[in-house]
Amino acid sequence: MNASSLMPDSVPLRPMLPPYLEALNEEQRAAVFHSGKSLLILAGAGSGKTRVITTKIAYLIREQGVPPQAILAVTFTNKAAREMADRARLIDGRAGFAMLRTFHSFGAWFLRQHGSLAGLDSGFIIYDDDDTASLLGAVMEGSSRGEVREAARHIARAKDYFLSPDDPELTLIDHRSEFRRIYRDYEERLAKTGNVDFGDLIKKPVEILRNNPAMAKRFRARFRVIMVDEYQDANVAQFELLKEIRDEDTYICVVGDDDQSIYRFRGAEVRNILEFPERFPGTDIIRLERNYRSLAPILSIAASVVDHNEGRLEKTLIAVRGTGKKPVLAFLPNQDEEVMFCAELIEGSWDKHKAAYADWAILYRTNAQSLGFETEFLRRHIPYRVVGSLKFYEREEIKDSLALLALLVSPRDEVAFCRVVNKPARGIGAATVKRVVNVALAEALDFRAAVERLTPKVSAKAHLGLETFFHAIELGRATLFTTGGTRGEALAEEARADEVDQPTKKAPRKRRGIQGSLKSARNKEALIADEGLSTCVVTLLMESGIAEYHLNHDEIAGNQRISNLQELANAASLYPGTEAGLLDFLEHIELDRSLADTDVDDPNKVTLITLHNTKGLEFRRVIMTGVEQGIFPREDKRNEELEEERRLFYVGATRAMDQLYLSTCAMRRMYGNTMPMFPSVFLHEIDRKDLRIVGEPPYAFSKKECEDYDEYND
């Protein structure tokens, strides 16, 4: 007898699904199976959105026969892009042929291929915020550092909103009449360097596509499926790019959560996701509301705050893990007691339950709030890590090294040249540097050619210093002619041999001296150059004097800086020792300027972190501190900005898996004075019955459920 004949007629047999689809819940499968119209996947916190988007990519290839080369998937960090690619390849190896990138990585790829249509050479360098400020300093001569930084931020914001110097709406970014001139002069100067800033990686591809309809048509024909992860973080320029690379027949699917749009200060525009159904008529919306991270009482607290926002697409999270303890709201006398409260909670959980320190995260609105916790944790020997401190690639010695490397591929890079030409001091005055730069820009020369043009007008001391600098650059460039090392080293030796007839003939002895100094650095070995691009990196560091300069900074910092330079050389060893390898290395750094915590000797540490930095993370126990009016939210937040602050609260609360604590102080030291504080408006938006209240609440809060917080340690 056939087994199917035993089934009632009213119960249809469910078709067998592959294991990778069987693991999805009903809503997730609906999102993966969806086709035809455009799709908005509204994915709540902890709802498994990454699994959905990666599974959908593999499903389209494996089950629907979509060529992987026809799929473009973009997200906002290199880490997320790599995770997306790795997960999709595990389901179907062909997913590796799809284009999975960040927005900026896609823009860089596009400009490497087609930048000539905008006057760019394929070897352009990507300027970061510091580089932009340096270039603007030349444009805004006589302005203060603060004024230059402000103009740089406004230019970046203008590009995020796809605004040119002549756009009428530019006044929404900066109402000053001179800002148009500054922006225009900056663009002209940037163009002369042959390089781009981060905003250009999105803005210029859009301009090229709009000015070249035939090319735009080819791109639209290539990418038949476009998928965007974390769409709530997209800015206006990124939306314009999406419009240019799709047509009516392109299937577009975006995944995001309007309640987690917290990066307006970076240009993110929540309207992109709120208005997606209007901008793409016929859009279907699938809500992922099953939360696999947090217990129900935590989700209730997060929802009660964000539900007060008017600008949102409604959804209700369901806690798959079930219920648990109520979140705790602690009313504390002052910030010192707040620190003590947190420390005692953590120590108590360790003593009573052997809860790992790594289970805990302390969240705060501003970096300055971490100082008290750091001081107390050091005193109590509670291990901790601070997330958001100075990043590896932003350290002085690393930026100096990257500037030297940039000059190998972009010999007219004004920012790089000005940063390192006189570091260490070579007797080159600021006036000489300015004259060299002006001649190079005016006559479209590289800086060495400009020096030769100016030779009669440059002092002998400055000329010697410049020649020493350029000679080091040439030694570094010589290593890029081969990946194996022997040919490159031979060329480098030829370049060094030329020193016999130059006043720099002592350089080889000096180089050995640097090597000896590096070997003597405490507990650190010397820089080594034995693989790939590291040969080039070390040659530049040694011959330019940068290594010696930073080693001599001081005994402690110098040793640490040498260690950082060694790590840079180690990272470079993964790339071939060619010009193409160097370009890939520099592009990778500029597109992903952050490193994970590398302190692997003891990962069991409490995390101290700002609310903005918690996005994408989760912890078993979270303490959200400083929930006071004027701190969170700040006093100046109104309307849309206040709504973003509520979303920030939602993000912070939904990082907690098992337990959530909120702390608010009656007094706090601010601006050098002790000031009275009042509970945040967000605390008034939470139903008291959903909280366990401890401490001494103000009159506005019921005292029925209050407890002595000194005895609370569970």
Should the pair R89-D86 be classified as a salt bridge under the 4.0 Å nitrogen-to-oxygen rule? yes
Does a sphere of radius 6.0 Å around CG in D129 hold more than 12 heavy atoms from other residues, nucleotides or ligands, not counting ones at 6.0 Å or beyond? no
Would you say the side-chain atoms of T283 and S38 include a donor-acceptor pair closer than 3.5 Å? yes
Check ion pair E643-K637 (N to O, under 4.0 angstrom): no
Starting at CZ of R312, measure out to CG of L274 and round the result to the nearest 0.5 Å. 10.0 Å
Residues S300 and D690: closest non-hydrogen pair is OG-OD2, 3.3 Å
Parallel, tilted or perpendicular: rings of Y59 and F33 (30°, 60°): tilted
NZ/NE/NH1/NH2 to OD/OE distance under 4.0 Å, E645 and R365: yes
Quick one: closest heavy-atom pair of G115 and I208, and the distance? CA-CD1, 4.3 Å
Which distance, rounded to the nearest 0.5 Å, do you find between the CD of Q369 and the CG of L608? 11.5 Å
N-O pairing of K315 and D258 below 4.0 Å: yes
Could you verify whether a donor N or O on one side chain and an acceptor N or O on the other, from Y20 and E22, lie under 3.5 Å apart? no
Any donor-acceptor pair under 3.5 Å linking the side-chain atoms of Y292 with those of N25? yes
Between L660 and V328, is there a side-chain heavy-atom distance shorter than 4.5 Å? no
Take E83 and K79 through the salt bridge (charged side-chain N to carboxylate O under 4.0 Å, His left out) test and state the conclusion after the steps. CA-CA 6 Å; E83 181 181 2; K79 179 182 177 182; over 6 Å; no
Minimum heavy-atom distance V206-A237, with the two atoms named: CG2-O, 4.2 Å
Answer with yes or no after comparing the ring centroid distance for H308 and F649 against a 6.0 Å cut-off, counting only values under it. no
Do F265 and H612 have ring centres separated by under 6.0 Å? yes
Look at R646 together with E685 and state whether they make a salt bridge at an N to O cut-off of under 4.0 Å. yes
State, with a plain yes or no, whether a side-chain heavy atom of M99 is found less than 4.5 Å away from one of W109. yes
Is K203 paired with E207 through a side-chain N to carboxylate O contact shorter than 4.0 Å? yes
Between R112 and E587, does the salt bridge (charged side-chain N to carboxylate O under 4.0 Å, His left out) criterion hold? Intermediate values first, please. CA-CA 11 Å; R112 298 280 182 214; E587 182 172 305; 2.9 Å; yes
Return yes if a side-chain donor-acceptor contact under 3.5 Å exists between Y161 and E269, otherwise no. yes
Could you tell me the separation between the CZ atom of F76 and the CG atom of D233, rounded to the nearest 0.5 Å? 5.5 Å
Electrostatic pair K159:D200 at N-O distance under 4.0 angstrom: yes
Show the numbers, then the answer: is there a side-chain contact (heavy atoms from CB on, under 4.5 Å) between L201 and L111? CA-CA 7 Å; L201 295 179; L111 291 178; 4.1 Å; yes
Could you walk me through whether V254 and L39 pass the side-chain contact (heavy atoms from CB on, under 4.5 Å) test, one step at a time? CA-CA 6 Å; V254 300; L39 174 64; over 6 Å; no
What's the verdict on side chain to side chain donor-acceptor pair (under 3.5 Å) for R385 and T607, showing C-alpha distance, side-chain angles and the deciding distance? CA-CA 5 Å; R385 67 185 183 113; T607 296; 3.2 Å; yes
Please determine whether a side-chain nitrogen of the Lys or Arg among K49 and D229 lies less than 4.0 Å from a carboxylate oxygen of the Asp or Glu. yes
Between F110 and F219, what is the ring plane arrangement, given parallel below 30°, perpendicular above 60°, and tilted in between? tilted
So which atom in G44 and which in L317 form the shortest heavy-atom distance, rounded to 0.1 Å? CA-CD2, 3.7 Å
Any salt bridge linking R647 with E644? Criterion: basic side-chain nitrogen under 4.0 Å from a carboxylate oxygen. yes
F632/Y364 aromatic ring centres below 6.0 Å: no
Can you tell me if N613 and T610 form a side-chain donor-acceptor pair at under 3.5 Å? yes
For R157 and D174, what are the C-alpha separation, side-chain angles and deciding distance, and is it a salt bridge (charged side-chain N to carboxylate O under 4.0 Å, His left out)? CA-CA 10 Å; R157 179 61 64 88; D174 192 322; over 6 Å; no
Strictly below 4.0 Å, N to O, side chains only: are R293 and E618 in salt-bridge contact? yes
Do we see a donor-acceptor contact under 3.5 Å between the side chains of N235 and R266? no
Does the D359 side chain pair with the main chain of A355, one donor and one acceptor, at a distance under 3.5 Å? no
Run the side-chain contact (heavy atoms from CB on, under 4.5 Å) test on F223 and R246 for me, step by step, so that the C-alpha distance in whole Å, both residues' side-chain angles and the decisive distance to 0.1 Å come before the verdict. CA-CA 7 Å; F223 296 119; R246 72 171 293 274; over 6 Å; no
Could you check if a side-chain atom of F276 sits within less than 4.5 angstrom of a side-chain atom of F239, using non-hydrogen atoms only? no
Rounded to the nearest 0.5 Å, what separation is found between the CG atom of L163 and the OH atom of Y183? 7.0 Å
So do L363 and I623 actually touch side chain to side chain, heavy atoms under 4.5 Å? no
For a quick check under 3.5 Å, do E240 and Q238 share a side-chain donor-acceptor pair by atom type? no
Do NZ/NE/NH1/NH2 and the carboxylate oxygens of E27 and R287 come within less than 4.0 Å? no
Check the pair R224, Y251 against side-chain contact (heavy atoms from CB on, under 4.5 Å), reporting the backbone distance first and the verdict last. CA-CA 6 Å; R224 307 312 303 149; Y251 177 73; over 6 Å; no
D658 bridged to R620 by N-O distance under 4.0 Å: yes
For L120 and K204 the tightest heavy-atom approach is CD1-CD, 4.0 Å
